[in-house]
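Structure first, then comments.
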There are 2 protein chains.
Amino acid sequence: MHAADRPNLGWIASQGRWTGFFSNAALEQIASLAGPLVEVGTRSVVPDGAMRQPVYLVAEGWGYAYHDFPDGRRYVVDVHVPGEIVGVAAACGSRRAPRLGTLTPMTVARLDGAELCRLQASSADMAAGLCRLLAVEQTELTEQMGSLVRHTAYERVAALLLRLYRRVEKRTPTGRTVFACPVSQQVIGDMLGLSVVHVNRSLRRLADDRILHKRASDVEILDAAALRRIGA
Amino acid sequence: MHAADRPNLGWIASQGRWTGFFSNAALEQIASLAGPLVEVGTRSVVPDGAMRQPVYLVAEGWGYAYHDFPDGRRYVVDVHVPGEIVGVAAACGSRRAPRLGTLTPMTVARLDGAELCRLQASSADMAAGLCRLLAVEQTELTEQMGSLVRHTAYERVAALLLRLYRRVEKRTPTGRTVFACPVSQQVIGDMLGLSVVHVNRSLRRLADDRILHKRASDVEILDAAALRRIGA
DNA sequence: CGATGTTTTGATAAGGCTCAACTAAGGTGG
DNA sequence: CCACCTTAGTTGAGCCTTATCAAAACATCG
């Protein structure tokens, strides 16, 4: 797909993870709002530009949303898997939107969040879709918070990689035990509230226990049943 | 207000924290959906009854939402302050809704979440309001997760009580430094991923440092500026 | 008044952090 | 092609935070 192409309905509908929440009419509206697919270089932060609250459709590549704090600590809100939609809550009413960074080169289409909001006010179809999307996102956030609250570091890392596996498989089901996961240990630590060092040791234990093996940019699941048990 | 009364538009509109997201028409629809105000005894779990996904308007009293896990650990998702609306995300698409418990005797009005969903599909006004509500809830969840990720126990406890103060003040602004907060240390621990013992010690340190003083069912803020600095 | 749940305190253990050094893997420029 | 730089991952030692266990002091409520 060339960089100047605009995402069309067919492409959007094939994304799988979130498109199920919307009617075809709403998806067409989203497609009509989307800008051209543009590439974003590795490690550069996606610029905020002129749009007040940009929403992104991620075509290829991985990114993440984060907040920096004055004390130097960083908090990674979430990682963005190819095929997902990013920033809807921020567009619909959030005050301070997180910043976006990339984990690999990305190809994204940009929408004006304010436009999406306006559409939501006039089209019941669109609003209903957004509601469902936001509700499910909330459930997932709640689950992740549960993991932070009651899991040890070892369990948290396992649970996170299991969640990412499910998200990746949702878009392109392969049934295989290896999946792309170009997420650095630093980012994992900033998501889970752990130091890089401890993330590293947890991953080593998971590998030693023959549960899963994380390499530079992918993960191999060695014992799915045990993984589900640990990260439940 | 008698137990058999039904919440009317005036009452609903006076709640303050969430009603601002909805148009008057949508608030009227919500009012028309609401059942009578019923009392719920202390410590008893609000029964799920026949409704698939109940939504509650909390008129008086405090409650909380939680999950129990097979290993005996418990995770408190959130505390519910009087005047708030509870369970919207669960009604709009969440899979497993958390269970509800009470911290004090409560008076609540019940709505059928499925009805609310149906309304949302037909009324753009209602859907827009729900979107904004869900988006703001997501922001707050995200903030709370940030607190879990980058704060120490001491800071987490401070940040939680500051958040609760703001929520209570939102409904009934008093400008005073004492606010009702009938939340047990156990529940605080289950929200923040801390043991009761450590919550206790953190509260003691906050009192010793003259930041705030938590008593059985209220909290006195002694140094608002320092509290904001700690719980930022 | 006992019976239950909540808060408090002490002592000890474990989990996770920090610091520091070292390896491995890409670049990049000469 | 190699020397150098940067970034990510790895490992060890020691310390600090927080959990666990145990028990006492308080409340609250039939």
Side-chain angles (χ1 to χ4, degrees), chain A residues 41-45 62 64 71-76 79 101-105 147-158 160-161 181-208 212-219 230, chain B residues 41-45 62 64 71-76 79 101-105 147-158 160-161 181-208 212-219 230:
Chain A
T42 313
R43 224 140 298 178
S44 80
V45 171
W62 290 57
Y64 64 103
D71 59 8
R73 282 181 283 193
R74 189 176 69 152
Y75 153 49
V76 170
V79 149
T102 64
L103 294 164
T104 70
S147 177
L148 291 177
V149 165
R150 59 183 246 287
H151 278 160
T152 66
Y154 182 75
E155 294 167 321
R156 287 212 279 256
V157 172
L160 172 62
L161 292 177
C181 181
V183 182
S184 72
Q185 298 183 0
Q186 179 66 63
V187 167
I188 294 177
D190 288 340
M191 284 187 83
L192 302 181
L194 301 169
S195 68
V196 208
V197 176
H198 205 63
V199 169
N200 185 299
R201 288 195 229 271
S202 301
L203 284 171
R204 157 144 310 276
R205 269 189 61 206
L206 284 166
D208 287 347
L212 62 78
H213 188 203
K214 171 142 187 2
R215 289 179 293 255
S217 58
D218 61 11
V219 171
I230 294 168
Chain B
T42 314
R43 224 140 297 177
S44 80
V45 170
W62 289 57
Y64 64 103
D71 59 8
R73 282 180 284 193
R74 188 175 70 151
Y75 154 47
V76 171
V79 149
T102 64
L103 294 164
T104 69
S147 176
L148 290 177
V149 164
R150 59 182 246 288
H151 278 161
T152 66
Y154 182 75
E155 295 167 321
R156 288 212 279 257
V157 172
L160 172 61
L161 293 177
C181 180
V183 183
S184 74
Q185 299 183 1
Q186 179 67 63
V187 167
I188 293 177
D190 287 341
M191 284 187 83
L192 302 182
L194 301 169
S195 68
V196 209
V197 175
H198 205 64
V199 169
N200 186 295
R201 290 194 226 270
S202 301
L203 285 171
R204 157 143 311 276
R205 268 189 61 206
L206 284 167
D208 288 347
L212 62 79
H213 188 203
K214 173 150 189 350
R215 289 178 293 254
S217 59
D218 61 11
V219 171
I230 294 167

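Sequence lines set the chain letters: A, B, ... in the order given, protein chains first and strands last, and positions in each chain run from 1. What you see below is based on every heavy atom in this structure, not just the backbone, and it leaves out hydrogens, waters and symmetry mates.
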Given B:L160, which of B:V183, B:I188, B:V79 fulfils the side chain to side chain contact (heavy atoms under 4.5 Å, CB included) condition? B:I188
Residues touching DNA chain C, which here means a heavy atom under 4.0 Å, drawn from residues 192-203 of chain B: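 Result for residues 192-203 of chain B: B:V197, B:N200, B:R201, sorted by number.
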Between [X] and [Y], which heavy-atom pair has the shortest distance, and what is it?
| X | Y | result |
| --- | --- | --- |
| A:W62 | A:T104 | N-OG1, 2.9 Å |
| A:Q185 | A:L203 | NE2-CD1, 3.6 Å |
| B:G189 | B:V199 | CA-CG2, 3.6 Å |
| A:L192 | A:R156 | O-NE, 3.2 Å |
| A:I230 | A:H151 | O-NE2, 4.0 Å |
| B:P182 | B:L103 | O-CB, 3.5 Å |

Within this structure, what is the [atom1]-to-[atom2] distance between [X] and [N], rounded to whole angstrom?
| X | N | atom1 | atom2 | value |
| --- | --- | --- | --- | --- |
| A:Y154 | C:dG16 | OH | P | 12 Å |
| A:Q186 | D:dT6 | CD | C1' | 15 Å |
| A:D71 | C:dT18 | CG | P | 11 Å |
| A:R73 | C:dC17 | CZ | P | 12 Å |
| A:R215 | D:dA8 | CZ | C1' | 17 Å |
| A:L148 | D:dT18 | CG | C1' | 16 Å |
| B:R204 | C:dT6 | CZ | P | 19 Å |
| B:I188 | C:dT7 | CD1 | P | 8 Å |

Please step through side chain to side chain contact (heavy atoms under 4.5 Å, CB included) for the pair A:K214 and A:V157, ending with a clear verdict. CA-CA 11 Å; A:K214 171 142 187 2; A:V157 172; over 6 Å; no
Rounded to 10 degrees, the angle between the two terminal axes of the helix from C:dC1-D:dG30 to C:dG30-D:dC1, each from five pairs: 40°
Are any of the side-chain nitrogens in B:R73 or A:E155 under 4.0 Å away from the carboxylate oxygens of its partner? yes
Is a salt bridge present between B:D218 and B:R215, judged by a nitrogen-to-oxygen distance below 4.0 Å?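 Between B:R215 and B:D218 there is a salt bridge, with a charged N closer than 4.0 Å to a carboxylate O.
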What string of B, S and - do you get for nucleotides 25-30 of chain D 5' to 3' if you count protein non-hydrogen atoms under 4.0 Å? ------
To the closest 0.5 Å, what do you measure between OG1 (A:T102) and OH (A:Y64)? 7.0 Å
Please compare B:R156 and A:Q185 by the position of their nearest nucleotide in DNA chain D and report the one closer to 5'. A:Q185
